[in-house]
Visitor: 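So that we are looking at the same thing, I have put the structure below in structure tokens.
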Amino acid sequence: MADGIPLMIWVSDSEGKARFINKAYMEFYGITLEQLKLRGWQSLIHPDDLPRYMEEVMACLRDRRFLHAEVRVKRHDREWRWVEVFAQSRFLSTGEFFGIAGSSVDISERKVAQEGLRSVSAELRHILNVAPTGLTHCSRDLRYLSANHAYARYVGLPLEQIIGKPIVEVMGKSAFEIIRPRIERVLGGETVEYEDEILLSGMRKWIRAVYTPDRGPFGNVVGWVASIMDITGHKQAEEAVRQQASLVRLSFDAIIVWRFDSGIESWNRGAERLYGFTEREAIGQTTHSLLNTVFPVSCSETEAVLKEQGKWEGELRHRTKDGRELTVSARLQCIRSNDGTIRVLEVNRDITERKRMEQERAQEERRKDEFLSLLGHELRNPLAAISTAIDLLPRRATEQDRVSLNGIVARQVKLMRRLLDDLLDLSRITHGNIQLKKGRIDLATFLQSLPAATQTAIAQRGQKMILRLPSELVTFEADEVRLEQIATNLLSNASKYTPQGGTIEFSGAREGSEVVLRCKDNGRGIPHDMQQKIFEPFTRLESFLESPGDASLGIGLSLVKQLVELHGGSIFVESAGPGMGSEFIVRLPLEPAALDHPIPPEPEPLSTPQRSGLIALVEDNPDLAEVMVIALEDAGYRVKLFMDAFSALAGISDLRPFAILLDIGLPGMDGYKLLAKLREKPHLQDTLFIGLSGFKRRGAEEPARDFDFYFNKPVHVRGLLAFLDKHAQPQV
Ligand code: ADP
């Protein structure tokens, strides 16, 4: 029977000698009973285990107990195997010992498995303890069954003060309240995952936790296993990255990340705004082909510097999606990532406007410099003519010579006068100091007066002037003096820039609600790219060396434009290009109310005035003073001259002049201060005060009551006399 059992069964006698072994035993050890008897069973036991085993056997015999032992034995193939031994000592009824009967079973596989399990669980324990993740096993009654070191660190307590303790006691009430709803869910059988900020060992920490239900043998939830990670640092980094990302996204600078091999990887909103390409359109492209980059040196040289030095800074020119040209200040920086990939961070700031302004400023400066040399040049010409004429005058005996020399002087003075008047007017307009004196103008009458003003120049060049009058009656509001300035400027340009024998047409007509003046010539024309620019001050098509001979400062058209605009009108030029003639077109608004305005009555012809009365003149320039005294006395006035403010102040106390002409730029006390003092004198209350000045400028320190009128220097004597005739109440 014993042979049919897979157990190894053996029986030994009172002396420990084998008496029976079954088949399983014989096969396992590869031994017969005789051989065993001869060699002794001890020879089958591992020498290291034998002493312990013998001891156990002896103890069982002594205490008459059941033997249960594990021991290594040598199998038939000489391999050491673990066997589990169960044995019972046998005694006769007399109490005499007569041997042991036992069974053994090969447990080597189980032993290996057990050993493995032991080492796995030791390893597991080790892993759990070194794991950065906090791990706990909690029971249904909300206590810790176990926890690892990381968890102990989170809560700031040693493991002994955690294991077995209630959760609320370890975590603190407020933290416990935050996790309580999640505990309820995990105990309800759900796996719970969450991120939250809680107070742990006195510090606010962000944790990420996963609670997994722990089920008992019948599937009921008996607790849970929690894995907890401190993600505070991660959260802070995430926040920093988020903020940086939003800064990058919102930045007004274009921020682009690209790789040498695969093109653009990132394209922020600033880049979208600046260049008009969306992120989608830009990704994968190369920046220089997308933006048509113009490098200060070549693209390959720029890339070489970038690769060698890791950065590049400079100005680039780019083209936007809608074709605009931009100048950007660019900073390129190479960034090497952990895997060795090199990316380029490119930050571009739009400086197009700044560049344009810089260029404009430089151009303005250049134009001013040119203007100054031009001014010198243009003033020297008439001055040279005048001084030569004056030198010749005493030496010329005939009346005819004198008349012709006088004519030269008069013309050159007129030319200089016009130049200076234009300059001063331009400056006054720039300072907002020109006020229009509007009156009603009959267009036809105005046009008919024009040839007289420009006749000389046109006649000298043998040019033909055609005047076209309106076919209907047109009257409108304008400042007649300024309007004449506009028209004569255009006419004198037309003559100046048209060759001998050319034709100039000037017309005026009503077109809809506008008065339109056209000044057309068949002269040298104006290239397209200059047609806007010639209206800017100090702009001329030719350098001053090519000056057409007449005084030409490049300010006439800018003055005309400003005067037209002061009237609410506009001016532009049409020319098919060089050699094709030009047509300047001025449009002035015709107020609706003015359309049917009756023709103003013809002014009464001026009777020759009876001039008399006393005029005081304060002027420190002796030549100018002398000329003015002669002119005024010639006209019939008595004149008292003072050469400085102090003698004037003293001298005028005894006089009752009807008009006082004061030079403003007097030495010692200027014209304004003198005016203030004279205005205080009761006997001068009705006196007309006339300022003689280059500019009308007043500051805070100047007297409250201004001059009654200003005349610009050099004073136009006829204009001054006309003014005196109109305003003076001569006191005899
Ligand atoms: P300037 O004193 O030089 O004539 P303007 O401001 O009147 O100055 O004119 C500016 C420039 O425009 C001139 O220098 C000339 O080159 C050009 N220009 C003006 N009128 C004409 C015209 N009728 N035909 C051709 N060019 C003209």
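Indexing begins at 1, ligand by ligand and atom by atom, following the structure's order.
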Visitor: Could you tell me, atom by atom, which parts of ligand 1 come under 4.0 Å of a heavy atom of K496?
Guide: 1 (P), 2 (O), 4 (O)
Visitor: Below 3.5 Å, N or O to N or O, backbone or side chain included: is there any such pair between S558 and ligand 1?
Guide: no
Visitor: For ligand 1, which atoms have a heavy atom of T539 less than 4.0 angstrom away?
Guide: 10 (C), 11 (C)
Visitor: Output the list of atoms in ligand 1 that are nearer than 4.0 Å to some heavy atom of G525, sorted by atom number.
Guide: 25 (C)
Visitor: Return each pair, listed once, that meets salt bridge (charged side-chain N to carboxylate O under 4.0 Å, His left out) where at least one residue sits in residues 522-535; pairs must be two or more places apart or across chains.
Guide: R524-E542
Visitor: Under 4.0 Å, counting heavy atoms only: does G523 come that close to any atom of ligand 1?
Guide: no
Visitor: Run the numbers for me: atoms of ligand 1, each under 4.0 Å from some heavy atom of L541, listed by number.
Guide: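 Listed by number with element: 14 (O), 16 (O).
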Visitor: Would R587 and E511 satisfy side chain to side chain contact (heavy atoms under 4.5 Å, CB included), going step by step from the backbone distance to the final call?
Guide: CA-CA 9 Å; R587 296 181 173 277; E511 290 181 17; 3.6 Å; yes
Visitor: Supply the atom-to-atom distance L326 CG to R319 CZ, rounded to the nearest 0.5 angstrom.
Guide: 11.0 Å
Visitor: Heavy-atom contacts with G556 under 4.0 Å: which atoms of ligand 1 show up? List them by number with element.
Guide: 5 (P), 6 (O), 7 (O), 8 (O)
Visitor: Is the closest N or O pair between R524 and ligand 1 shorter than 3.5 Å?
Guide: yes
Visitor: Please identify which atoms of ligand 1 are closer than 4.0 Å to at least one heavy atom of G554.
Guide: 1 (P), 2 (O), 3 (O), 6 (O), 8 (O)
Visitor: Got an N/O contact under 3.5 Å between I526 and ligand 1?
Guide: no
Visitor: Are any of the N or O atoms of Y497 closer than 3.5 Å to those of ligand 1?
Guide: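 There is such a contact, yes.
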Visitor: Going by the angle between their ring planes, with limits at 30° and 60°, are F584 and F535 parallel, tilted or perpendicular?
Guide: perpendicular
Visitor: Output yes when R638 and E633 qualify as a salt bridge under the 4.0 Å nitrogen-oxygen rule, no when they do not.
Guide: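 Result for this pair is no, no salt bridge flagged.
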Visitor: Checking the N or O distance criterion of under 3.5 Å, is ligand 1 in contact with F584?
Guide: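 No; the residue has no nitrogen or oxygen that sits under 3.5 Å from a nitrogen or oxygen of the ligand.
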Visitor: Run the ring-centre check on Y672 versus F707 and record whether the distance is less than 6.0 Å.
Guide: yes
Visitor: Pick from K561, H567, Q562: which one makes a side-chain hydrogen bond (donor to acceptor under 3.5 Å, both in side chains) with E565?
Guide: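 So, applying the side-chain hydrogen bond (donor to acceptor under 3.5 Å, both in side chains) to E565 and each of K561, H567, Q562, only K561 qualifies.
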Visitor: Quick check on contacts: which atoms of ligand 1 are under 4.0 angstrom from a heavy atom of I555?
Guide: 6 (O), 8 (O)
Visitor: For side chain to side chain contact (heavy atoms under 4.5 Å, CB included), just list the numbers for T293 and R317, CA-CA rounded to whole Å, side-chain angles, deciding distance to a tenth of an Å, and then say yes or no.
Guide: CA-CA 6 Å; T293 311; R317 307 222 303 126; over 6 Å; no
Visitor: I'd like to check the ring-ring contact (aromatic ring centres under 6.0 Å, His included) partners of F572; sequence neighbours left out, ordered by chain and number.
Guide: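 For F572, no residue satisfies ring-ring contact (aromatic ring centres under 6.0 Å, His included) once neighbours in sequence are set aside.
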